[in-house]
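Per chain, numbering begins at 1; letters A, B, ... match sequence-line order.
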There are 2 protein chains.
Amino acid sequence: MSAVDVAFHGLRQMISSGRLAAGQKFPPEADLCEELGVSRGSLREAVRMLSALRVIDSRHGSGTYVARLVPEEIVGTLALTVDLLPLAGLLEIYELRRVLEAHATSQAAAKITEEQGRELLQLLDRMEATSDGHQASELDALFHSSIAAIAGSPTLATLLDVFRSRSRSYQIFDTPDGKLIKATSDAGHRSITNALIARDPAAAYSAAAQHVAQTEHWLRLHQPPVSGAPDRSVAPPAPSRGRSYRRRQLAGSADDQPHR
Amino acid sequence: MSAVDVAFHGLRQMISSGRLAAGQKFPPEADLCEELGVSRGSLREAVRMLSALRVIDSRHGSGTYVARLVPEEIVGTLALTVDLLPLAGLLEIYELRRVLEAHATSQAAAKITEEQGRELLQLLDRMEATSDGHQASELDALFHSSIAAIAGSPTLATLLDVFRSRSRSYQIFDTPDGKLIKATSDAGHRSITNALIARDPAAAYSAAAQHVAQTEHWLRLHQPPVSGAPDRSVAPPAPSRGRSYRRRQLAGSADDQPHR
DNA sequence: TAACCGCAAGTTATCTGATGTCTTTCGAAG
DNA sequence: CTTCGAAAGACATCAGATAACTTGCGGTTA
């Protein structure tokens, strides 16, 4: 059991044992080091791990706190990771997306208000009006996201957002078949909206399932432009805060892979 | 943008840009520090974050590698976090579990072989034979897990395992109504198995959905014994590797919570 | 009184260098 | 050819010093 593991499980146990509830503050780092019997560096690595998992929340100058511990935030951690999956992995996720999207849409059909129906129709009009691929993707995401919100489960909505954000990076509308794809997609959205306004869960389920399946089909046909995962570049340019470390050439060592 | 963020996004971008593919090795820490312009400590915290998210894999004495990047491993990160959700959050997850478990079971009905059907029947017999709550929970998990495996989607199976592991901690069979719950649960398992052996996806879907809904209902009735999340204590006793840190009393500072 | 400002204390963030520990490799001995 | 041991490479951990940020308190001002 490494020092970081000790700290990790120790911190985790402080929460699971009920000693610290959601939102409460941890003791300062120095105290935690003493209690857990690890150095400050190891403790901080453990804190970073739990922070990456959205279990705790460290605020500079203030302290370290237990996160809110609601499912949608926990699920949100996947947003940073599914973007790195290669295409093969993404397609396996589509089965989940199809089932969940269909369920969310049918739930929305049972709960939608007239006001919400009108908003969806407006969104639909804007979507059919645009011919810009980028904007179409934005509106598409907004359309599905709105439906998931109507369905009433934040966790489900967040999970679907994660799946969609990954698909969106492929810019499916900017392919040679883009026009056809957009027309078919618009028709699918129209079917979904009709089912929602009719408050027909079964029809909504089918329409959403077919819409997702159609999208998956196109994604299988149009392989991504670059091999591996696409680079959506949320990351910043590394500011030059470097000090002095010993230099060695490194670009060539990226392809050696010891037997495992 | 903090130093750790710089390192985190830098490492992440090395993968997303395609420079390093799944399984490949990162340059040594010193080289990464120079390239990213951060100190070793900050780099290591970033590595820990990606490691917690199962995106990279650091092996003592060997080096740091890009993980396999398959969906089921990414989804597996949730296992460490859903255990910390309070009951309210768990119940919100049950909607997802119901939908996904039903889907997996219906998929299994379409794919199950006779051999697999016989194995499920054996499992069912063992489950009905036992009266030990702990063993019943184990077999219950194995039963559903087997079905998810038959369904053929590792990602879905892993996700369902995560949800179930959390529910299992409540030891629902050890409540006053344990006998009734077990009997009803056994009947539900029998229905599911019958639908599977009949290779009837629709019947399997309904049986699984009802089974999960029933479980959820009991969980709502029987509040957990302790407030907050139960402690399932996978964690070890912290070995006394402590050095010397300054002492301050700390137990009292756990309930002060500044405005946020 | 109420709003504002600045200072001081507390806390996390970062960097650095030294040392421990594990893995892998390679050559020599059997 | 096999086995064993030494050495190099790499991550793991620790300790201390310094920087940066947040918060709250008290004084100032309108």
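In this structure, Glu34(A) places its CD atom 15 Å from C1' of dA15(D), rounding to the nearest Å. Asp5(A) places its CG atom 13 Å from the C1' atom of dT13(D), with the value rounded to the nearest Å. Look at CD on Glu29(B): it is 14 Å from P on dT16(C), rounded to the nearest Å. Rounded to whole Å, the distance from CE on Met1(B) to C1' on dT14(C) is 16 Å. Distance CD (Glu45(A)) to C1' (dC15(C)): 14 Å, rounded to an integer number of Å. The CG-C1' distance, from Asp57(A) to dT11(C), rounds to 14 Å in whole Å. Summarising the geometry, the separation between CZ on Arg44(A) and P on dC14(D) is reported as 15 Å, rounded to the nearest angstrom. Computed from coordinates, the Leu36(A) CG to dT13(D) P distance equals 14 Å when rounded to whole Å.
Neither OP1 nor OP2 of dG10(C) sits under 4.0 Å from any side-chain N or O of Arg59(A). Side-chain N/O atoms of Ser62(B) include none lying less than 4.0 angstrom from OP1 or OP2 on dT23(C). At dT12(C), one or more side-chain N or O atoms of Thr64(A) fall inside 4.0 Å of OP1 or OP2 (strictly under the cut-off). Put simply, Ser2(A) has a side-chain N or O that comes within less than 4.0 Å of OP1 or OP2 on dT13(D).
Here CG of Leu80(B) is found 5.5 Å from CZ of Arg12(A). Values are rounded to the nearest 0.5 Å.
Nearest-nucleotide positions on DNA chain C place Ser58(A) closer to the 5' end than the other of Ser58(A) and Gly41(B).
For Val4(A), counting side-chain heavy atoms from C-beta on, the closest listed nucleotide (dT14(C), dT13(D), dC11(D)) is dT13(D).
Side-chain atoms of Thr215(B) and Tyr94(B) include no donor-acceptor pair closer than 3.5 Å.
Not a single donor-acceptor pair, N or O on each side, falls under 3.5 Å between the base of dT22(D) and the side chain of His60(A). A donor-acceptor contact under 3.5 Å links the side chain of Arg40(A) to the base of dA13(C).
The main-chain N or O of Gly41(A) is never found under 3.5 Å from a side-chain atom of Arg44(B) such that the two would form a donor-acceptor pair.
Using a 4.0 Å cut-off between a side-chain N of Lys or Arg and a carboxylate O of Asp or Glu, Arg40(A) and Glu29(A) qualify as a salt bridge.
When side chains are defined from C-beta on, Leu32(B) does not count as touching Val38(B), because their heavy atoms never get closer than 4.5 Å.
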